Every structure is written in C-alpha cells, then in structure tokens.
Undergrad: 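I'd like to ask some things about the structure below.
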Amino acid sequence: ALSMCGLAKEYQSADYEKKNPWLVSISILRPGRGTETCKGTLVSEKVILTAAHCFTIDDVADQIKVKIGQKNFPVAALKSHPEYTVGKLRNLGIPEFYDYDVALLTLKDKITFSAEARPICLPCTAGTTRALRRPHPQTTCREHEQELMSFGNIPALFLTPCREKHENTVGLRRRTVRIKNSDKKQSCEADAKKAKQYKNVTEVSQVVTERFLCTGGIEPEVDPNTCKGDSGGPLIIAKRMRYIQVGVISWGVVDVCGKNLRTCDSDNILERAPSHARDFHINLFKVLPWLRQELREEGLDFI
Ligand SMILES: CO[C@H]1CCN(Cc2c(C)cc(C)c3[nH]ccc23)[C@H](CO)C1
C-alpha cells in the first residue's frame, strides 16, 4: 500500500532524526562565497519541499547537498515556483519580496523509506485524508482546509536546531506557535512593516500577500520565533500523532538568532524577542495548483 505519511517514532529516547524523519537539511555550496543552509521536508520518495529564497538564479543542482537522517543525497533538479520574484518590488525601495517563496528539489535516486526517512503529509492528498481518519475518497480538499485551518489561533509547530548543553552537539527542538487565523491576523501582519528593510512599505499587503500565514508575537501566548537558518522548514499541524505540513517557513521580521544557537533546554523567557517579531510562512493551500502539477507523478494521490 502507499506508505503512510506523517508518522514518526514517538518514544522519548528516540533521536531527533527518528522523531522528525521528514526533516531535510539543505546546503548550497557557493565556491568562494561559503555555504548557505536551509531546511526542507521529504514529501515523496525523491522530492523535497523548501523555500525558493534559499537559492539564487545561478545555483545549479550539483551545488546542492541534501541530508536526511545522517545520509547525504545528490540532487538532480531544482524548481522554484514560477511566480517567485525576489526583486519584484525593488523599484518601490522594497529590497526583498517573498511571495510564492516555495521550491522543489528532485533527488537523483528514489530513497528507501526508513525510521530516519519518511515523508510528511501534504494537504489535499489521500495520505492526509487517512491521517485525519476521514473517509476516502468522500473527503474533499476543502474539508481538509476547513479542518486544518479553522478560524482562530491555530496551534502549529516548527523545528529549530539547538545546542545540546553538555556535549556541543546540535539537537533539534519542536517549537509551538499559533497561526493567527483570527481577529489577531491583522495586527500580526501589520508588524511586517517593523522590519528595517521594509521602511519604504506603505501598505502591509505589498509584502504580506494572500500566500502567507502569520505566527509570532506575545498574544494569545508568547510564540518562539524562527531564524534565517530555519528557512524552508515546515510549519506543521499535529493531529493525533500524525503530522501534516500546512506551511513553508519563508521570512521573519527579526532574526532572533544571529550567529549563536540557542541551547536545547533554555526556556523561551530567556530569549525574549520583541513583540513585533513575527514570522511568515507560505500557506500550502495557496499553492496547490503548482504542487499538484509538479508532484503529479509522485504517487501522492491528490484529491
Ligand atoms: C526584508 O528583510 C526582512 C525579511 C527577512 N528577514 C530575514 C529572515 C529571513 C530571510 C528568513 C527567515 C526564516 C527569518 N526569520 C527571522 C528573520 C528571517 C529580515 C530580518 O532579518 C527582515
């Protein structure tokens, strides 16, 4: 049968690759200009979903390294969303524009799923219908959206690296945020204008388009924030121990990390971020036609 998506090892002592077997680390080697790192998710046996802004027009597939679990995999192709245009608003004094900030990497070879490498569930696929324990094929894509993106402050999680206190190894932590799909959505989005690079933004909808989900801030609870290195990682909704990706981490108002990694056990009071530190994620429900088209041969059975 089709392998089940969004399933992970849940026992406490499992290492983080097994607890998050879909998380992919991406490094883009730029000779003479160092390496950029981003995150991504495994969505099928050979396709990874990430952010388009991790790449530049000159990057080619063989500069890109993908690590899943402890193993490296060569990349065959990179395809950014056709409407992603980082320089689109430069003439308005807006240096970076993140609309449609999604991309797909195709691996050279299909990978064999294992405890360390398993796909996450995508909206409007048969796998998500099963993960939500809803009847297939009766359940519609709209019903997925109604269930997952209901009105309100929706609990969601993202993954961020951290420094294990004792050894100086890098761990990974799940951080819980609330997607402001409520009366708090407007104030969440309004804080986008507090980014210093966005001082020329006159109307927030210039940079926060329909494609974005907004998290962060201190209402209704203090949300942790993303860092640049989290770009391309998933925004996940957990339903009864099944994990469904609803967003791709795109950009934030404040890079709270700078260079140092947070320690894995520090509580978020110590790392107080300003209340206008908000994060913006591409809503996968808003790029479905592109996902269906590009993933049509991956056996995901879109509904
Ligand atoms: C135009 O600039 C504004 C948007 C991009 N922000 C950088 C950034 C990116 C690129 C990606 C992710 C995931 C980030 N998480 C936190 C910051 C941050 C800067 C602030 O640093 C402000």
Side-chain angles (χ1 to χ4, degrees), residues 23-28 30 34-41 49-57 59 80-81 84-103 156-162 172-177 179-180 188-209 211-218 222-236 245-262 268 271-284:
L23 191 73
V24 175
S25 285
I26 299 166
S27 25
I28 305 113
R30 295 196 181 115
T35 300
E36 172 155 13
T37 57
C38 273
K39 294 289 187 294
T41 44
L49 175 60
T50 182
H53 84 253
C54 297
F55 311 98
T56 68
I57 195 93
D59 290 334
S80 293
H81 192 289
Y84 170 70
T85 320
V86 65
K88 189 170 181 183
L89 307 178
R90 275 212 184 102
N91 61 329
L92 299 175
I94 298 169
E96 297 158 17
F97 181 49
Y98 291 95
D99 201 10
Y100 292 100
D101 184 16
V102 282
L157 65 96
F158 71 90
L159 302 162
T160 196
C162 54
L172 195 79
R173 254 200 347 183
R174 286 181 186 170
R175 313 298 306 275
T176 298
V177 290
I179 301 171
K180 306 320 184 254
C188 193
E189 297 183 347
D191 283 335
K193 288 171 66 178
K194 302 222 168 94
K196 49 187 183 307
Q197 300 90 329
Y198 282 158
K199 60 185 183 313
N200 296 323
V201 168
T202 51
E203 175 40 55
V204 75
S205 60
Q206 287 176 285
V207 288
V208 182
T209 64
R211 262 62 64 196
F212 290 102
L213 298 170
C214 191
T215 65
I218 59 175
V222 176
D223 273 2
N225 290 106
T226 70
C227 300
K228 276 187 182 177
D230 298 324
S231 296
L235 185 65
I236 297 168
Q245 180 171 358
V246 295
V248 172
I249 298 175
S250 176
W251 60 281
V253 175
V254 180
D255 187 2
V256 293
C257 293
K259 290 294 156 260
N260 52 2
L261 268 190
R262 295 169 277 198
N268 43 15
E271 46 191 294
R272 198 82 167 120
S275 64
H276 66 268
R278 309 289 196 159
D279 296 303
F280 295 86
H281 319 262
I282 296 290
N283 180 350
L284 293 184

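Quick caveat, the model's predicted, so the values are computed rather than measured. When a ligand or atom number is given, it counts from 1 through the structure's own listing order.
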Undergrad: Output the distance between atom CD (Glu36) and atom OG (Ser231), rounded to the nearest 0.5 Å.
TA: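 Going from CD on Glu36 over to OG on Ser231, the span is 7.5 Å.
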Undergrad: Would you mind running through ligand 1 and noting each atom that sits below 4.0 Å from a heavy atom of Glu96?
TA: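 By the 4.0 Å cutoff, the relevant atoms are 1 (C), 2 (O).
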Undergrad: Can you name the atoms of ligand 1, numbered from 1 with element, that are less than 4.0 Å from a heavy atom of Gln197?
TA: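 Once the distances to Gln197 are compared, the set is 1 (C), 2 (O), 3 (C), 19 (C), 22 (C).
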Undergrad: Quick test: of every protein heavy atom, which one is nearest to atom 20 (C) of ligand 1, and how far off is it to 0.1 Å?
TA: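 For atom 20 (C) of ligand 1, the nearest protein heavy atom comes out as Val253 O, 3.4 Å.
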Undergrad: May I ask you to list the atoms of ligand 1 that are less than 4.0 angstrom from any heavy atom of Ser250?
TA: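 Answer, ordered by atom number: 11 (C), 12 (C), 13 (C).
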Undergrad: Find all atoms of ligand 1 within a distance of less than 4.0 Å from any non-hydrogen atom belonging to Tyr198, and give their numbers and elements.
TA: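 The atoms of ligand 1 under 4.0 Å from a heavy atom of Tyr198 are 1 (C).
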Undergrad: Check whether any side-chain heavy atom of His281 lies under 4.5 Å from a side-chain heavy atom of Ile249, and answer yes or no.
TA: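 Result yes, sub-4.5 Å side-chain heavy-atom pair found.
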Undergrad: With heavy-atom distances below 4.0 Å as the criterion, list the atoms of ligand 1 near Ser231.
TA: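 So the answer, numbered in order with elements, is 11 (C), 12 (C), 13 (C).
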Undergrad: Do you know which of Thr202, Val201, Val208, Val253 makes side-chain contact (heavy atoms from CB on, under 4.5 Å) with Lys193?
TA: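 Answer to the side-chain contact (heavy atoms from CB on, under 4.5 Å) test with Lys193 among Thr202, Val201, Val208, Val253: Val201.
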Undergrad: So among Ile28, Asp59, Ile26, Asp101, which one has a side-chain contact (heavy atoms from CB on, under 4.5 Å) with Cys54?
TA: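 Only match with Cys54 under side-chain contact (heavy atoms from CB on, under 4.5 Å): Ile28.
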Undergrad: So for Gly229, does at least one of its heavy atoms come nearer than 4.0 angstrom to any atom of ligand 1?
TA: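 Gly229 does not count as a contact of ligand 1 under the 4.0 Å cut-off.
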Undergrad: For Ile249, counting its heavy atoms only, list the atoms of ligand 1 lying under 4.0 Å from any of them.
TA: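 With Ile249 as reference, the close atoms of ligand 1 come out as 13 (C).
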Undergrad: Would you mind checking which non-hydrogen protein atom is closest to atom 10 (C) of ligand 1, with the distance to 0.1 Å?
TA: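 The closest heavy atom on the protein side is Tyr98 OH, 3.4 Å.
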Undergrad: Tell me, which protein residue and heavy-atom name are nearest atom 16 (C) of ligand 1, and how many Å apart are they?
TA: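 The protein heavy atom lying closest is Val254 O, 3.2 Å.
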Undergrad: Any non-hydrogen side-chain atom of Arg90 less than 4.5 Å from a side-chain atom of Phe97?
TA: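 No, every pair of side-chain atoms sits at 4.5 Å or beyond.
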Undergrad: What part of Lys228, side chain from CB on, backbone N/CA/C/O, both or neither, has a heavy atom under 4.0 Å from ligand 1?
TA: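 Both parts.
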Undergrad: Could you give the distance from CZ (Phe280) to SG (Cys188), rounded to the nearest 0.5 Å?
TA: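 Reported value, rounded in 0.5 Å steps: 5.5 Å.
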Undergrad: Suppose we measure from atom 15 (N) of ligand 1 to each protein heavy atom; which comes out shortest, and what is that distance?
TA: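 Residue, atom and distance for the closest contact: Thr226 OG1, 2.9 Å.
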Undergrad: Hey, what's the ring geometry for Phe212 with Trp251, parallel, tilted or perpendicular (30° and 60° as the breaks)?
TA: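 Because their plane-to-plane angle is over 60°, the rings of Phe212 and Trp251 count as perpendicular.
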Undergrad: Could you check whether any heavy atom of Pro95 sits closer than 4.0 Å to an atom of ligand 1, since that is the contact criterion I want to use?
TA: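 Flag not set, Pro95 not near ligand 1.
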Undergrad: Check whether any side-chain heavy atom of Ile94 lies under 4.5 Å from a side-chain heavy atom of Val207, and answer yes or no.
TA: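 Side-chain contact under 4.5 Å: yes.
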Undergrad: Can you report which non-hydrogen protein atom sits closest to atom 6 (N) of ligand 1, along with the distance?
TA: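 Among all protein heavy atoms, the one nearest atom 6 (N) of ligand 1 is Gly252 O, 2.9 Å.
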Undergrad: Just checking, any donor-acceptor pair under 3.5 angstrom between side chains of Asp99 and Thr209?
TA: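 A donor-acceptor contact under 3.5 Å links the two side chains.
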